[in-house]
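Take a look at the structure below.
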There are 2 protein chains.
Amino acid sequence: MGVIKEFYKQYLLNNKIRYSAQRDKILDVFLKMERHLSIAQIYELVRNKYPQIGYTTVYRAMNLICKAGIAEKIDFGDGISRFEHKYGQEHHDHLICLNCGKFIEVIDAQIEELQRQLAKTHKFVLKGHKMQLFGTCCDCSKDIK
Amino acid sequence: MGVIKEFYKQYLLNNKIRYSAQRDKILDVFLKMERHLSIAQIYELVRNKYPQIGYTTVYRAMNLICKAGIAEKIDFGDGISRFEHKYGQEHHDHLICLNCGKFIEVIDAQIEELQRQLAKTHKFVLKGHKMQLFGTCCDCSKDIK
DNA sequence: AAATAAGTGAAAATGATTGTCAGTTCCATT
DNA sequence: AATGGAACTGACAATCATTTTCACTTATTT
Ligand SMILES: [Mn+2]
Ligand SMILES: [Mn+2]
Ligand SMILES: [Zn+2]
Ligand SMILES: [Zn+2]
């Protein structure tokens, strides 16, 4: 059994939440999936393997998985929440292509440090941040030109 | 007549869009208002002065004002769009208090420069960015402690 | 003035997300 | 093993911000 599943079970145990068959299957799907899928896409994957599981249950399970710290809900500003892996992943931000929707995960230690300083300057206790750079990716720049 | 209103009229003229009484009044309200108001709040202000103007018209007018480059729609991730002044304003990002909702407008030249470099590194043609720092503001830190 | 185009506002539609609730499953206690 | 309560499920309804529709009015052009 994977370490993440053990971690999840422990989280549920600590919070007196049951580890149901549905939650197990949805976690499996999430752990195997590509990054940044929407609920609709995750539900589609779930439905292929376990057609009896409902949409609402996927919603609830994903919210639980987020609360446990295994997934993170991300918002690219298009009204659709996407989920990405969080457990054991380092923090990163996103470069998003406005043309094809592709995105690149980026991390810049200098920016992160400057963000901390900026918060300090304004006497904010920093809890997190969101940074998204929008533009045209390398491939799309060629096409457009 | 203010320079912004002239600019708006010119934008509408260039795009063969009429300058209606409603659009005029909604622009007036927007130009006088505080920053970062939602549609519901803008509509409330509009309704006080011009009770005959409908909610839908406010929506449409604000979208136009955005397209003209006079307002900018901002998304703090809570499902509600807010609008801020853009004409003649310098770009800035936001520090947002998770406790009281207050926010501070910030700009950091070093971060902006590093963002440009980061995009360049990944061969992205940068069009814009969104950066929000979340935390607890100075006042709320006191209260919580 | 007539014809055409654009704008308005009330109401309905949309779409993502959350709440409800009757039926089911799980667990601890007898 | 039986039972009673708590948690869970899934279909459906509700919510809420935003967009679309459409009959009607207003402005512009011929
Ligand atoms: Mn990512
Ligand atoms: Mn601002
Ligand atoms: Zn692209
Ligand atoms: Zn605060």
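Since the structure is predicted, the reported quantities are computational estimates derived from the model, not experimental observations. Order of the sequence lines fixes the chain letters, A, B, ..., with proteins taken first and strands second; residue numbering starts at 1 for each chain.
Under the 4.5 Å side-chain heavy-atom criterion for Ile, Leu, Val, Met, Phe, Trp and Tyr, A:Phe76 and A:Ile39 are members of distinct hydrophobic clusters. B:Phe124 is not connected to A:Phe134 by any chain of hydrophobic side-chain contacts under 4.5 Å among Ile, Leu, Val, Met, Phe, Trp and Tyr, and they are in different clusters. Connection of A:Ile96 to A:Leu37 is not established within any shared hydrophobic cluster, with ILVMFWY side chains joined at heavy-atom distances below 4.5 Å, either directly or through further cluster members. The hydrophobic cluster containing B:Leu31 also contains B:Ile53, counting ILVMFWY residues as joined when their side-chain heavy atoms lie under 4.5 angstrom apart, directly or transitively.
Aromatic rings of B:Phe83 and B:Phe30 (six-membered ring for Trp) have centroids beyond the 6.0 Å cut-off, not under it. Aromatic pair B:Tyr11/B:Phe7: ring centres not closer than 6.0 Å.
Comparing B:Val58 and A:Arg18 by the nucleotide of DNA chain C that holds the closest heavy atom to each, the one mapping nearer the 5' end is B:Val58. Across the interface with DNA chain D, nearest-nucleotide mapping of B:Asn63 and A:Gln52 shows A:Gln52 to be the residue nearer the 5′ end. A residue-by-residue look at B:Thr57 and A:Gly79 shows that B:Thr57 has its nearest nucleotide of DNA chain C further toward the 5' end.
Rounded to whole Å, the distance from NZ on B:Lys16 to P on C:dG7 is 12 Å. We find that CD of A:Gln41 is positioned 11 Å from P of C:dA16, with the value rounded to whole Å. At whole-Å resolution of the value, OH in B:Tyr55 and P in C:dA10 are 13 Å apart. Here the P atom of nucleotide C:dG7 and the CG atom of B:Asp24 are 15 Å apart, to the nearest Å. The distance between atom NZ of B:Lys25 and atom C1' of C:dG7, rounded to the nearest whole Å, is 14 Å. The CG-C1' distance, from A:Leu12 to C:dC27, rounds to 16 Å in whole Å. At whole-Å resolution of the value, OH in A:Tyr59 and C1' in C:dG19 are 13 Å apart. If you take OH of B:Tyr43 and P of C:dT8, they are 14 Å apart, rounded to a whole angstrom.
For the salt bridge (charged side-chain N to carboxylate O under 4.0 Å, His left out) with A:Asp24, the qualifying choice from A:Arg18, A:Lys5, A:Lys49 is A:Lys5, the only one to do so. Exactly one of A:Ile17, A:Leu13, A:Leu12 qualifies for a side chain to side chain contact (heavy atoms under 4.5 Å, CB included) with A:Asn15. That residue is A:Ile17.
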Show the atom names and distances, to 0.1 Å, of all donor-acceptor pairs under 3.5 Å that link a side chain in residues 110-118 of chain A to residues at least two apart or in another chain.
from	atom 1	to	atom 2	distance (Å)
A:Glu112	OE2	A:His91	NE2	3.1
A:Glu112	OE2	A:His129	NE2	3.4
A:Glu113	OE1	A:Arg116	NE	3.2
A:Glu113	OE1	A:Arg116	NH2	2.9
A:Glu113	OE2	A:Gln117	NE2	3.4
A:Gln115	OE1	A:His129	ND1	3.3
A:Gln115	OE1	A:His129	NE2	3.3

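Residue A:Arg60 places none of its side-chain N or O atoms closer than 4.0 Å to OP1 or OP2 of C:dT18. For B:Thr56, no side-chain nitrogen or oxygen approaches OP1 or OP2 of C:dT8 to under 4.0 Å.
In this structure, of C:dA6, C:dT25, C:dG9, it is C:dG9 that holds the atom nearest to the side chain of B:Gln22.
Residue B:Ser81 is in sugar-phosphate contact alone, with no base atom involved, counting any heavy-atom pair closer than 4.0 Å across all strands shown.
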Check the interface with nucleotides 13-15 of chain C: list each N/O to N/O pair with the protein under 3.5 Å, or write none.
none

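Salt-bridge formation is not detected for the pair A:Asp139/B:Lys123: no Lys NZ or Arg NE/NH1/NH2 atom is positioned less than 4.0 Å from an Asp or Glu carboxylate oxygen.
Here the range on DNA chain D touched by chain B, meaning any atom under 4.0 Å from one of its heavy atoms, is D:dA17 to D:dT28.
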